[in-house]
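Before any comments, here is the structure.
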Amino acid sequence: MSNGNNSESGESRPSNFIRDAVIDDLKTKKFGEATIQTRFPPEPNGYLHIGHAKSICLNFGLAAEFGGKTNLRFDDTNPEKEEQEYVDSITQDVHWLGFNWDGLHYASDYFDQLCDWAVKLIGDGKAYVDDLSADEIRKHRGTLTEPGKDSPFRNRDAKENLNLFERMRKGEFPDGSRVLRAKIDMASPNLNMRDPVMYRILRADHHRTGSKWCIYPMYDFAHGQSDSIERVTHSVCTLEFEDHRPLYNWFIQQLGIFPSQQMEFDRLNLTFTLLSKRKLLKLVQEKYVSGWDDPRMPTLSGVRRRGYTPQSIRNFCGAIGVSKTNGTLDLAMLEHFVREDLNKRAPRVMAVLRPLKVVIDNFPDAEVDQVDAINNPEDESAGKRTVPFSKVLYIEQDDFREVPPKQYYRLSPGREVRLRYGYFITAQSVVKNEKGDVVEVHCTYDPATRGGNSPDGRKVKSTIHWVSSAHAVDAEVRLYDKLFTVEDPDRTEEGHDFTANLNPNSLEVISQAKLEPSLASAMNGEKYQFERLGYFCVDPDSKVGNLVFNRTVALKDSWARVQKRS
RNA sequence: UGGGCCGUCGACUAAUGGUAGGUCAAGUGCCUUUGGAGCACUUUGUCUAGGUUCGAAUCCUAGCGGCCCAGCCA
């Protein structure tokens, strides 16, 4: 059996170890009669990317399947890196992906409660104020192989600690001069348990609480308790937090609060792409890309602008599975799901990126023939449109070869091809410029083949797209390629970082593409298939009269494979 | 090197002691008014060595390999 659960409807759903655990917990009523509660907890210090989409789909998907709820919670405990711009983009991106949260929370909503809990732990002798500097604390922590040493301040009594902590909160001490630490075990083989810092003194304006606080809780002292406050049953996070789980549990246990349960799964990695906020931020700040929403970025705002649909990303996330194996997914997998979705929904149009003029010598000079074209062969309800056909047309430069290579089926002297939805034409002669490049092809057409079929049953090997010269609409088209030239952008020679692997040709701008006239009023965000070329969408930079399209993804190209083989 | 986690087709992921299956990629053929889409077929896999068992990808032991941890980041 390839799936964990065949429901009565016959629908089957791929399972994973987290979903299995949820099913089991529900069966054993581990959390009582209540159903599950999940959460998506981003830190608002950057834009969401495809990797976050996996977590979002997991958290919201789990709750949706079992009738539970999902909160969006901002883990905003480090004001130095966090901004309102990021919370705005994150809420927008989660919505765009297609999810609606139940509760919208901020760790900063819990600062008072967290502070009270810190006081309780101090009173219980489970936390102490340490006057050691950051540097000294590091030295006392020991190493991977050697145990740590107790701080000289570890055995202060509760009363003194209470007093000191209160004064920390009131702002009596300078930044970094003291911290509050949990009193656990300086010899623990798990470094996270060697008296972790709970609070630090930090005078930084917080995007929500302003200057109210000058002490801020660390992730470890905020995350589990925030989960607990929200009665999160299954707190899923990525693998690097596995070592934090004992600490997560320790705080919950000491405090005697709702036992949220942390479970870890593998982070998404993709070939040819970087999914690290820090590195993406560098690309933005150092202007290797135009912004967080540059269509080459793996951010949700980037892929949205690129033309990816939320459905395609959800399908992708559902298909890639959830495990604890550390692997790297083939970017082709993502592209497959984008093509699959766009194939169903994108109307077909004709557009010529690199125009070559074709003159049909025997076609009447002034005649315009409106030919019928099908909008989407995958969707009959998309209907039909007409496209103007006339004596002078543009075809793709690639679709004509004066000397055709082997297996080249397109237009060449003496060969007949079909102009899609138009007529059969045969190339007769060429006009060249002074450099010897073909700049014009003269053809004849067969009037009997209107619509694309020959009454005598004659076949042609190839069908090519075209645009009527007199009716064409000009547009800028931006072609994107991989941002990095190598599968693993982090793999570099000594002394270089990932920017050394940037693809210098990741953006190609075509300024004067020729589009069929139906595209003249195309609106921002609209998605099309340019026949034989790929999927394209209207960029926000686009204006009527000054159209801009982004190539989302090219169509699969078996001619390219033939060429590569020979 | 102490601790934690993980090793299944090229990639991702199932098989929960009982037929190693699916998706992507690759390839072959069919079909085609997109060299698109679709359809059919094909190739390749349980890290190694022992052990337990009627039976092991699954359990045990030992190796080997990978990832994470020594922030007052998350």
Side-chain angles (χ1 to χ4, degrees), chain A residues 1-4 14-17 20 41-43 45 75-78 80-82 130 132-134 137-139 141-148 175-181 188-194 197-202 216 218-220 222-223 237-246 264 266-268 271 277-278 319-337 339-340 343-344 348 350 373-374 377-378 407-410 418-422 451-453 460-465 529-534 554-562:
Chain A
M1 243 193 328
S2 63
N3 56 68
S15 199
N16 60 63
F17 75 101
D20 292 345
E43 183 191 11
N45 67 341
D75 240 334
D76 55 348
T77 55
N78 183 8
E80 288 185 305
K81 290 187 176 170
E82 298 154 6
D130 196 343
L132 254 26
S133 70
I137 286 181
R138 177 162 18 88
K139 284 178 183 140
R141 186 153 31 228
T143 68
L144 295 179
T145 51
E146 307 155 43
D175 285 9
S177 59
R178 286 180 164 84
V179 291
L180 182 69
R181 292 230 254 171
S188 172
N190 180 348
L191 300 242
N192 293 118
M193 300 300 272
R194 318 241 264 229
V197 172
M198 295 161 61
Y199 270 94
R200 74 277 208 183
I201 304 173
L202 181 62
Y216 289 95
M218 300 289 290
Y219 165 86
D220 285 306
H223 197 93
C237 62
T238 43
L239 249 23
E240 68 269 26
F241 291 101
E242 263 172 334
D243 289 341
H244 293 247
R245 193 181 343 128
E264 311 85 9
D266 60 335
R267 192 180 264 284
L268 171 67
T271 54
K277 279 191 200 168
R278 204 196 92 238
I320 60 178
V322 176
S323 72
K324 302 183 80 148
T325 322
N326 228 304
T328 303
L329 234 78
D330 194 335
L331 183 60
M333 183 84 97
L334 210 212
E335 293 182 337
H336 163 79
F337 283 96
R339 289 194 187 97
E340 181 188 65
N343 179 48
K344 279 182 285 195
R348 273 59 169 172
M350 291 196 285
I374 293 165
E378 305 291 317
Q407 295 182 78
Y408 183 85
Y409 304 145
R410 286 114 94 149
R418 172 169 38 236
L419 292 177
R420 178 142 234 228
Y421 302 124
N453 279 309
V460 289
K461 271 267 197 186
S462 161
T463 300
I464 64 179
H465 60 277
Q529 184 193 103
F530 290 0
E531 294 221 30
R532 301 208 302 135
L533 297 176
L555 254 29
K556 283 207 273 188
D557 184 353
S558 41
W559 168 239
R561 279 212 304 274
V562 171

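To find a chain, count down the sequence lines: A is the first, B the second, and so on, and within it residues start at 1.
For the P atoms, the distance linking B/G50 with B/A57 amounts to 15 Å, nearest Å. Nucleotides B/U44 and B/A20 have their C1' atoms positioned 13 Å apart, rounded to a whole Å. Nucleotides B/G7 and B/C59 are separated by 10 Å at their P atoms, to the nearest Å. Comparing the same atom, P, in B/U34 and in B/U19 gives a spacing of 45 Å after rounding to whole Å. B/A26 sits 28 Å from B/C67 when the P atoms are compared, rounded to a whole Å. Here, B/C24 and B/A40 have their P atoms 12 Å apart, quoted to the whole Å. Separation of the C1' atoms belonging to B/C68 and B/U1 is 16 Å when rounded to the nearest angstrom. For the C1' atom pair drawn from B/U23 and B/A62, the interatomic distance equals 36 Å after rounding to whole Å.
Within the nucleic acid shown, A/His244 comes within 4.0 Å of at least one base atom, counting heavy atoms only. Among the atoms of the strands shown, base atoms are found under 4.0 Å from some heavy atom of A/Pro377. Residue A/Phe530 is out of contact with every strand shown, counting any heavy-atom pair closer than 4.0 Å. A/Val460 comes within 4.0 angstrom of nothing in the nucleic acid, heavy atoms only.
For A/His336 and B/C24, the shortest distance from a side-chain N or O to OP1 or OP2 is below 4.0 Å. For the OP1/OP2 pair of B/G35 and a distance below 4.0 Å, the side-chain nitrogens and oxygens of A/Arg532 include at least one atom meeting the criterion. For the pair A/Lys344 and B/A37, the criterion of a side-chain N or O lying under 4.0 Å from OP1 or OP2 is not met.
The interatomic distance linking A/Asn343 (CG) with B/A37 (C1') rounds to 5 Å, in whole Å. Between A/Asp20 atom CG and B/U16 atom P the separation is 11 Å, expressed in whole Å. The CD-C1' distance, from A/Gln529 to B/G35, rounds to 13 Å in whole Å. Atoms CZ (A/Phe241) and P (B/A74) sit 9 Å apart, rounded to a whole Å. In this structure, A/Ile374 places its CD1 atom 14 Å from C1' of B/G36, rounding to the nearest Å. Between the P atom of B/A74 and the NZ atom of A/Lys277 lies a distance of 11 Å, rounded to the nearest Å. In this structure, CZ of A/Phe337 is placed 15 Å from P of B/A37, rounded to the nearest angstrom.
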Restricting both atoms to N or O, compile the protein contacts to nucleotides 41-47 of chain B shorter than 3.5 Å, with distance only.
none

Output a table of nitrogen or oxygen pairs between the protein and nucleotides 71-73 of chain B separated by less than 3.5 Å.
| residue | atom | partner | partner atom | Å |
| --- | --- | --- | --- | --- |
| B/G71 | OP2 | A/Arg141 | NH2 | 3.3 |
| B/C72 | OP1 | A/Arg141 | NH2 | 3.3 |
| B/C72 | OP2 | A/Arg141 | NH1 | 3.2 |
| B/C72 | N3 | A/Gly176 | O | 3.2 |
| B/C72 | N4 | A/Leu132 | O | 3.1 |
| B/C72 | N4 | A/Ala134 | N | 3.0 |
| B/C72 | N4 | A/Gly176 | O | 3.0 |
| B/C73 | OP2 | A/Arg200 | NE | 3.1 |
| B/C73 | OP2 | A/Arg200 | NH2 | 2.9 |
| B/C73 | O3' | A/Arg200 | NH2 | 3.3 |
| B/C73 | O2' | A/Asn78 | ND2 | 2.7 |

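Legend: residues meeting side chain to side chain contact (heavy atoms under 4.5 Å, CB included) with A/Thr325, ordered by chain and number and at least two apart, are A/Ser323. Considering only residues two or more places apart in sequence or on other chains, A/Thr463 meets the side-chain hydrogen bond (donor to acceptor under 3.5 Å, both in side chains) condition with A/Arg418. Taking A/His336 as the reference, A/Glu340 meet the side chain to side chain contact (heavy atoms under 4.5 Å, CB included) condition, with sequence neighbours excluded. Annotation: side chain to side chain contact (heavy atoms under 4.5 Å, CB included) contacts of A/Lys324 (sequence neighbours excluded): A/Phe17, A/Leu239, A/Glu242, A/Glu264. A/Met218 meets the side chain to side chain contact (heavy atoms under 4.5 Å, CB included) test with A/Val197, A/Arg200; sequence neighbours excluded. Considering only residues two or more places apart in sequence or on other chains, A/Asp243 meets the salt bridge (charged side-chain N to carboxylate O under 4.0 Å, His left out) condition with none of them. Partners of A/Lys556 by salt bridge (charged side-chain N to carboxylate O under 4.0 Å, His left out), not counting sequence neighbours: none found.
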Quick one, give me the B/S/- string for nucleotides 27-32 of chain B, reading 5' to 3', where B means a protein heavy atom under 4.0 Å from the base and S means that only happens at the primed atoms, P, OP1 or OP2.
S-----
Sugar-phosphate or base contact per nucleotide [nucleotides 1-12 of chain B; S, B, -; heavy atom under 4.0 Å]
BBBSSS-S--SS
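Considering only heavy atoms from C-beta on, A/Asp330 comes within 4.5 Å of A/Thr271 through its side chain. When side chains are defined from C-beta on, A/Tyr216 does not count as touching A/Glu80, because their heavy atoms never get closer than 4.5 Å.
Counting only distance, with no hydrogens or angles, the side chain of A/Lys277 and the backbone of A/Glu43 share a donor-acceptor pair below 3.5 Å. Side-chain atoms of A/Thr238 never come within 3.5 Å of backbone atoms of A/Glu240 as a donor-acceptor pair (strictly under, hydrogens ignored).
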Output the pairing pattern of RNA chain B as a dot-bracket string, 5' first, Watson-Crick or G-U wobble with both distances under 3.5 Å, | for cross-strand pairs, [ ] for crossing pairs.
.((((((..((((....[..)))).(((((.......)))))....(((((..]....))))))))))).....
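Using a 90° window around 0 for the glycosidic torsion, B/G71 falls inside it and is classed as syn.
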